[in-house]
Number of protein chains: 2
Amino acid sequence: MTLLAANILIVDDEQAIADLVEVYLKNENYNIFKFYSGKDALNCIENEKLDLAILDVMLPDVDGFSICQQIREKHNFPVIMLTAKEEEIDKITGLTLGADDYITKPFRPLELIARVKAQLRRFTKYNSSEPKQEEHLIAFSGLVLDMDTHECMLNEKKLSLTPTEFSILWVLCSNRGRVVSSEELFHEVWGDKYFTNSNNTVMVHIRHLREKMHDRAEHPKYIKTVWGVGYKIEK
Amino acid sequence: MTLLAANILIVDDEQAIADLVEVYLKNENYNIFKFYSGKDALNCIENEKLDLAILDVMLPDVDGFSICQQIREKHNFPVIMLTAKEEEIDKITGLTLGADDYITKPFRPLELIARVKAQLRRFTKYNSSEPKQEEHLIAFSGLVLDMDTHECMLNEKKLSLTPTEFSILWVLCSNRGRVVSSEELFHEVWGDKYFTNSNNTVMVHIRHLREKMHDRAEHPKYIKTVWGVGYKIEK
DNA sequence: CGTGATATTCAGAAAATCTTAAGATTTTAA
DNA sequence: TTAAAATCTTAAGATTTTCTGAATATCACG
């Protein structure tokens with residue numbers, strides 16, 4: 001694994017899913033190798049130096065399990081399986097054998113990213129002497145967000161955030177200095193899982209966040225409203 | 001045995017099992033030599049400096065006993081046998097033929113790792129002067145967990161934990177400071193072999209643990225619930 | 001001002017966790 | 001080997017926390 005960015009293989013015949021995963025992970029600065037079929041993926045496994053694979057269990061040609069086996073045979077990097085919730089348990093048991101982790105669809109983007117990072121961390125821990133830079137931690141001017149512990153500290157004081165609140169703040173912070181629209185926020189946090197026209201839900205959570213941060217909407221110190229565009233945290 | 005990592009031989013014709021064992025042990029930083037047949041393994045025994053072997057008793061070509069005998073004849077490192085539950089008689093025979101330990105399938109990852117470490121420890125104790133760092137003991141702020149004896153002490157008092165309880169606490173402690181999701185806990189403790197959608201089982205064990213630790217769910221001193229994410233033990 | 005965008009509030013819905021207990025399984029002891 | 005004890009799993013309902021959507025209020029900009 002290079003120090004700069006991990007190479008991640010994505011295989012899913014549902015193009016929408018694969019594309020989505022790609023977007024999320026590219027956003028995290030990973031190099032993506034994406035395929036809609038198992039056959040193409042196998043080729044990639046041989047020719048690229050990969051660091052992690054995300055495989056759909058059910059593929060039309062070569063199934064995820066076989067790919068996983070091939071990876072195990074000749075290579076050594078973590079494999080995360082994607083399974084639909086409805087798929088039969090027996091099937092999954094067999095198919096996920098040997099995978100390092102699995103995620104059931106539909107999943108939340110942040111969860112996916114967290115899992116990917118966890119695997120890369122766990123793996124590099126034993127395969128590199130580099131004191132990995134911590135990407136699961138965001139810290140600046142009195143605000144600390146820790147993906148591992150899901151903790152949030154604001155000026156030495158611990159804020160107890162709900163999962164959604166944490167996610168929203170995380171997205172805002174990792175895009176610090178840039179305005180993030182309600183829609184974008186919604187997509188980042190909830191994924192395409194739900195579609196709703198009302199961005200009101202986001203608003204309510206922003207409200208709660210500001211409350212917990214003692215941030216008044218009139219003079220928000222942290223989460224600023226940019227009229228007609230979205231929300232932003234100052235750099 | 002090198003100071004850095006032990007070389008471990010795995011032989012099992014059930015590829016899924018061999019792969020699984022490989023994953024678990026690689027995770028523990030061992031070098032793995034894996035084979036799906038006895039013949040290939042014999043070759044490896046001659047050419048590599050091995051520190052431990054994990055052998056399936058039932059192999060299609062050369063059986064585990066024979067391999068074990070060959071190891072005993074020319075080499076000197078511990079052998080752990082893998083046996084299916086039904087193979088009662090073989091178990092005994094295998095042991096008398098010189099295996100140092102045996103594990104019945106299906107096994108739990110933590111148990112496998114513990115046994116491997118125990119054997120390596122036992123062996124190196126007499127064959128090296130290096131005071132190997134002991135990873136089989138976790139101790140911090142009043143809590144002591146001993147993988148060898150499966151004992152747990154909390155503030156000088158011994159807690160009698162069931163195997164599952166011990167495993168869960170062990171995983172939580174070794175990931176202290178990080179939130180571990182129910183799913184992850186489940187994987188670590190039960191392995192990929194068993195699969196269940198309900199994390200309720202984990203929950204019940206957590207409950208029992210908290211009970212034994214006099215940890216109330218409202219104000220847990222030790223095992224904290226991180227809503228929507230998992231459980232965690234403070235650093 | 002008027003209009004559309006953002007805020008606030010709050011109650012019901014949904015989701016996650018906790019508790020309990022009964023039955024299944026495994027281990028231990030006799 | 002069998003009986004007893006210990007442990008594990010599962011399920012159902014209770015509880016707690018979190019999320020959502022509607023109704024209303026407020027604000028910024030023209």
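Computed from heavy atoms alone, side chains included, the values below leave out hydrogens, waters and symmetry copies. Sequence lines set the chain letters: A, B, ... in the order given, protein chains first and strands last, and positions in each chain run from 1.
Classified by interplanar angle (parallel below 30°, tilted 30° to 60°, perpendicular above 60°), the ring pair A:His150/A:Phe166 is parallel.
The side chain of B:Thr225 lies closest to C:dC18, out of D:dC8, C:dC18, D:dT18. For A:Arg207, counting side-chain heavy atoms from C-beta on, the closest listed nucleotide (C:dT17, C:dT8, D:dT20) is C:dT8. Considering only side-chain atoms of A:Tyr231, the nucleotide from D:dC8, C:dC18, C:dA7 that sits closest is C:dA7. Candidate nucleotides D:dA23, D:dC8, D:dT9 were compared by shortest atom distance to the side chain of A:Asn200, and D:dA23 ranks first.
The side chain of B:Thr164 contributes an N or O atom lying less than 4.0 Å from OP1 or OP2 of D:dC8. Regarding contacts with the backbone of D:dC8, a side-chain N or O of B:Thr162 is found under 4.0 angstrom from either OP1 or OP2. The phosphate of C:dT8 (OP1 or OP2) has no side-chain N or O of A:Arg210 nearer than 4.0 angstrom. Dashed line: the shortest gap from a side-chain N or O of B:His205 to OP1 or OP2 of D:dT9 is under 4.0 Å.
Separating the NZ atom of A:Lys224 from the P atom of D:dA28 is a distance of 14 Å, rounded to the nearest angstrom. Protein atom CD1 of A:Ile206 is 19 Å distant from nucleotide atom P of D:dC27, rounded to whole Å. As rounded to whole Å, 15 Å separates atom C1' of C:dT8 from atom CG of A:Leu209. The interatomic distance linking B:Glu165 (CD) with D:dT7 (C1') rounds to 8 Å, in whole Å. With rounding to whole Å, B:Lys212 atom NZ is found 10 Å from D:dA6 atom C1'. With rounding to whole Å, B:Met203 atom CE is found 11 Å from C:dT19 atom C1'. A:Trp190 has its CH2 atom 10 Å from the P atom of D:dG21, to the nearest Å.
The residue among A:Val229 and B:Gly230 whose nearest nucleotide of DNA chain C is located toward the 5' end is A:Val229. Between A:Glu211 and A:Trp227, the residue anchored closer to the 5' end of DNA chain C is A:Trp227, taking for each the nucleotide with the nearest heavy atom. Comparing B:Ser160 and B:Val204 against DNA chain D, the residue whose closest nucleotide sits nearer the 5' end is B:Ser160.
A salt bridge links B:Glu184 to B:Arg178: at least one charged side-chain nitrogen sits closer than 4.0 Å to a carboxylate oxygen. Under the 4.0 Å criterion applied to side-chain N and carboxylate O atoms, A:Asp12 and A:Lys34 are not assigned as salt-bridge partners.
Considering only heavy atoms from C-beta on, B:Lys212 comes within 4.5 Å of B:Thr162 through its side chain.
Contact annotation for A:Phe166: no contact, since no heavy-atom pair falls under 4.0 Å across all strands.
Counting only N and O atoms by type, the side chains of A:Tyr222 and A:Lys224 include no donor and acceptor under 3.5 Å apart.
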